[in-house]
Protein chains: 2
Amino acid sequence: MKRITIYDVAKEADVSLATVSRVINDSNVVREDTKQRVQEAIEKLGYKPNAIAQGLALSKTTTVSIVMSEKLFAYNGKILNGLMDVAKIYNYNIMFHTTSKGISKMQDVIESIIKSHVDGVILFNDNFSEDEMEVLQEYQIPMVVVGSQLAETGIDNVGNVYVNFEQMAYDMVNQLFDKGITDISLVEDKLNLSMMAQLRSGIEKAFTKKGLEFKKYISYDDTYKSSYNFLTDYFKSHKPSQFVFTFRDSQAIALLNTCQEAGYKIPDDCQMVCILNNKYLSMTRPNISTFNIPEYDMGAVSMRLLTKMLVDDDSIKNKDSKQIELGYSFIPKGTTN
Amino acid sequence: MKRITIYDVAKEADVSLATVSRVINDSNVVREDTKQRVQEAIEKLGYKPNAIAQGLALSKTTTVSIVMSEKLFAYNGKILNGLMDVAKIYNYNIMFHTTSKGISKMQDVIESIIKSHVDGVILFNDNFSEDEMEVLQEYQIPMVVVGSQLAETGIDNVGNVYVNFEQMAYDMVNQLFDKGITDISLVEDKLNLSMMAQLRSGIEKAFTKKGLEFKKYISYDDTYKSSYNFLTDYFKSHKPSQFVFTFRDSQAIALLNTCQEAGYKIPDDCQMVCILNNKYLSMTRPNISTFNIPEYDMGAVSMRLLTKMLVDDDSIKNKDSKQIELGYSFIPKGTTN
DNA sequence: TTGTATGCGTTATCAT
DNA sequence: ATGATAACGCATACAA
């Protein structure tokens with residue numbers, strides 16, 4: 001079946017293709033009755049403009065790329081929802097790219113982004129290097145990074161929507177100090193290393209201010225099973241810290257389960273908090289304390305920012321206006337007191 | 001910055017654009033030394049073919065659409081991984097569409113699929129109606145549905161990769177009958193209604209064969225919190241069934257937690273199984289029995305099937321060869337005996 | 001207000 | 001083996 005083109009519509013409505021083009025683009029110069037005729041023809045033939053041809057003619061694809069790690073679907077679902085919803089509002093299509101562990105996979109993604117001529121890119125943190133951002137920059141592709149705060153770079157046309165994890169950790173540790181708690185651990189999450197770095201930095205700042213040194217940045221294979229096995233073994237010869245920061249649900253739950261199975265009372269013997277919130281933290285006994293991070297909003301704001309960058313909105317001309325920090329709040333549950 | 005085009009390369013290498021086109025498409029008619037020259041020019045200028053222009057010239061975008069419900073990221077992550085990995089192998093780009101609850105949202109998705117001129121579509125079950133599939137069919141867009149088995153339809157150029165949930169339920173119920181268990185419930189999962197329908201059908205067939213009637217198809221708001229509240233209340237005046245089928249982790253865990261809190265012993269007083277497996281089922285006490293469903297393979301096989309359909313592979317000419325059933329196995333854990 | 005002609009960056013069909 | 005040229009389907013500057 002040959003697809004209906006603008007020519008077919010033009011013939012049917014007995015006008016030129018330019019006129020058809022005008023009505024589908026809402027030009028107001030076209031007379032009302034011919035507009036009618038054209039629209040009837042479009043309806044009758046079931047014409048749908050070819051986005052590829054439009055893209056070529058306009059050098060604009062109304063498509064944006066989203067790049068995220070393939071391990072993180074489950075955790076970034078809400079951010080994705082925010083992104084998709086706003087993209088839908090602005091009629092942007094989404095090209096979806098995943099990066100895997102393998103060497104230089106991000107290169108391939110960038111290659112296909114460039115070839116595809118997408119209008120903009122959303123990058124999830126922890127997937128790329130500064131070099132890779134620079135490549136995108138060379139091609140003048142607007143991009144926004146969602147997740148954690150970017151380090152200062154020479155790159156200036158990049159948006160950034162983030163939560164201040166450093167502050168989060170800093171404040172919480174200070175509160176712990178006030179309660180006399182100084183035996184504090186941070187469990188590494190290998191899937192979110194940039195966020196880890198910021199949490200660690202926040203903790204270290206608080207320690208330094210207090211005249212202490214932070215030593216318990218703990219790293220082990222952090223799937224649930226590995227964590228569980230490691231910690232089960234660990235607690236045979238060690239006590240848990242007074243307070244433990246974990247990042248993902250699996251890590252928190254592994255800690256909770258192993259602690260309890262080792263005979264420790266939660267939160268009396270060990271308090272813990274899981275940075276990323278989700279429903280699973282409410283399925284344990286006790287429920288795990290966490291933070292309310294505006295994930296959906298992070299996605300929605302990111303996409304909205306990107307659309308503004310795509311139309312060169314005046315309100316985001318300078319660099320600072322593209323750095324958007326979103327708030328968060330602590331949700332105390334059963335693993336802290 | 002003007003993007004480098006094939007003209008720029010042609011000028012640089014002092015050949016015509018036709019020759020450049022030939023070398024990037026690996027035509028073997030071009031002489032070795034000019035090929036060299038062209039490749040050097042490409043390298044020097046950093047030329048990347050414009051996929052949009054290629055798409056227009058070839059009527060082929062090397063892009064496939066994936067359509068899934070926005071509620072299901074977290075659960076279909078592995079299927080997505082399978083899809084993406086195979087797509088990457090075949091150099092297909094992915095357009096990602098989500099459907100939400102709102103009325104006729106799928107219409108919009110279809111509209112954008114048609115306009116985008118993607119080469120094919122992967123549909124997750126429970127997102128669309130037969131009518132909507134027919135629209136895609138009219139446009140000759142190859143599609144494969146992944147998840148559960150499609151009902152017989154007039155549509156014949158559609159692939160289908162699925163697990164036989166009906167058989168799964170049928171077999172398990174017969175095994176329960178053998179053990180003398182007949183008090184069996186199935187908890188509805190509103191996010192996966194087509195799979196529910198098949199499970200229910202399997203259970204009903206087993207019951208009918210036994211001369212019994214299946215009555216306990218249980219439906220309530222099935223988020224974790226709602227389930228939890230509902231069941232907590234329910235168990236104040238009811239006993240649990242001898243055996244309960246749940247579909248998602250939240251439902252299983254809600255049941256497990258409320259049962260235990262109501263004083264019932266698992267699995268002695270109530271056995272349960274969760275159809276979809278994930279790590280959270282191993283975080284509860286006892287661990288929840290489940291099925292090993294080849295999710296990654298479902299994605300990988302689906303995408304591979306689609307690529308075959310896109311090149312009109314002979315091996316999938318007839319309808320049956322596009323219906324691919326994948327196996328599964330039962331994973332007994334602590335909630336069954 | 002409408003039509004004509006050109007360009008967007010490729011591929012493919014002709015010639016040469 | 002290479003080059004000129006016509007598509008592909010649309011938007012738009014320019015003419016009428």
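All figures in this text were calculated on a predicted structure; none of them were measured in a lab. Convention: sequence-line order gives letters A, B, ...; per-chain numbering from 1.
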Using a 4.0 Å heavy-atom cut-off, does A:I24 contact any base of the nucleic acid, only the sugar-phosphate backbone, or nothing at all?
sugar-phosphate
From OH of A:Y7 across to P of C:dG3 the rounded distance in Å is 14 Å
note: A:K2, atom NZ; D:dC8, atom P; distance rounded to Å ~ 8 Å
Here the distance between atom P of D:dA7 and atom CG of A:L56, to the nearest Å, is 17 Å
Checking B:E132, B:M68, B:M133 against B:L123 for side-chain contact (heavy atoms from CB on, under 4.5 Å), the one that qualifies is B:M133
Surrounding NZ of A:K71 (heavy atoms of other residues, nucleotides or ligands, distance under 6.0 Å), is the total greater than 12?
no
When all nucleic acid strands are considered with a 4.0 Å heavy-atom cut-off, which category describes B:V29: base, sugar-phosphate, or nothing? base
- Task: May I ask you to verify if any side-chain N or O of A:R31 is less than 4.0 angstrom from the OP1 or OP2 atom of C:dT2?
- Result: yes
Tell me whether the side-chain N/O atoms of B:T19 come closer than 4.0 Å to OP1 or OP2 in D:dG3.
yes
- Would you tell me if any nitrogen or oxygen in the side chain of B:S21 comes within less than 4.0 Å of OP1 or OP2 on C:dA12? no
From CG of B:D26 across to P of C:dT11 the rounded distance in Å is 12 Å
When rounded to whole Å, the CZ to C1' distance for the pair B:R22 and C:dA12 reads 9 Å
Testing D:dT2, D:dA11, C:dT10 for proximity to the side chain of A:I6, the answer is D:dA11
Taking C:dA12, C:dG9, D:dC10 as options, the one with an atom nearest any side-chain atom of B:A57 is C:dG9
Between CG of A:L45 and C1' of D:dG9 the distance, given in whole Å, is 15 Å
To the nearest angstrom, the CD1-P distance between A:I52 and D:dA7 comes to 21 Å
**Prompt:** Base, sugar-phosphate, or nothing: which does A:I4 touch, judged by heavy atoms less than 4.0 Å apart?
**Reply:** nothing
With respect to the phosphate group of C:dT10, does any side-chain polar atom (N or O) of B:Y47 fall under 4.0 Å of OP1 or OP2?
yes
On DNA chain C, more 5' by nearest nucleotide between A:K35 and B:Q54 is A:K35
Quick one: is C:dT11 close enough that its OP1 or OP2 comes under 4.0 Å of any side-chain N or O from B:N25? yes
Looking for any heavy atom pair under 4.0 Å, which part of the strands does A:T5 touch: base, sugar-phosphate only, or nothing?
sugar-phosphate
> With a 3.5 Å cut-off and no angle check, do the side chains of A:H97 and A:S65 form a donor-acceptor pair?
Replying inline: yes
With the side chain defined as heavy atoms from C-beta on, B:V15 is closest, among D:dC8, D:dG3, D:dA11, to D:dG3
**Asked** For the side chain of B:D119 and the backbone of B:K60, is there at least one donor-acceptor N/O pair under 3.5 Å apart?
**Response** no
Whole-Å distance, B:N28 CG to D:dT2 C1', equals 15 Å
Is there a salt bridge (charged side-chain N to carboxylate O under 4.0 Å, His left out) between B:R37 and B:D14? Walk through the geometry before answering.
CA-CA 9 Å; B:R37 250 193 5 269; B:D14 199 33; 5.5 Å; no
Do B:Y296 and B:D85 have a side chain donor and acceptor closer than 3.5 Å?
yes
The residue, B:L58 or B:D14, whose nearest nucleotide of DNA chain D is more 5′ is B:D14
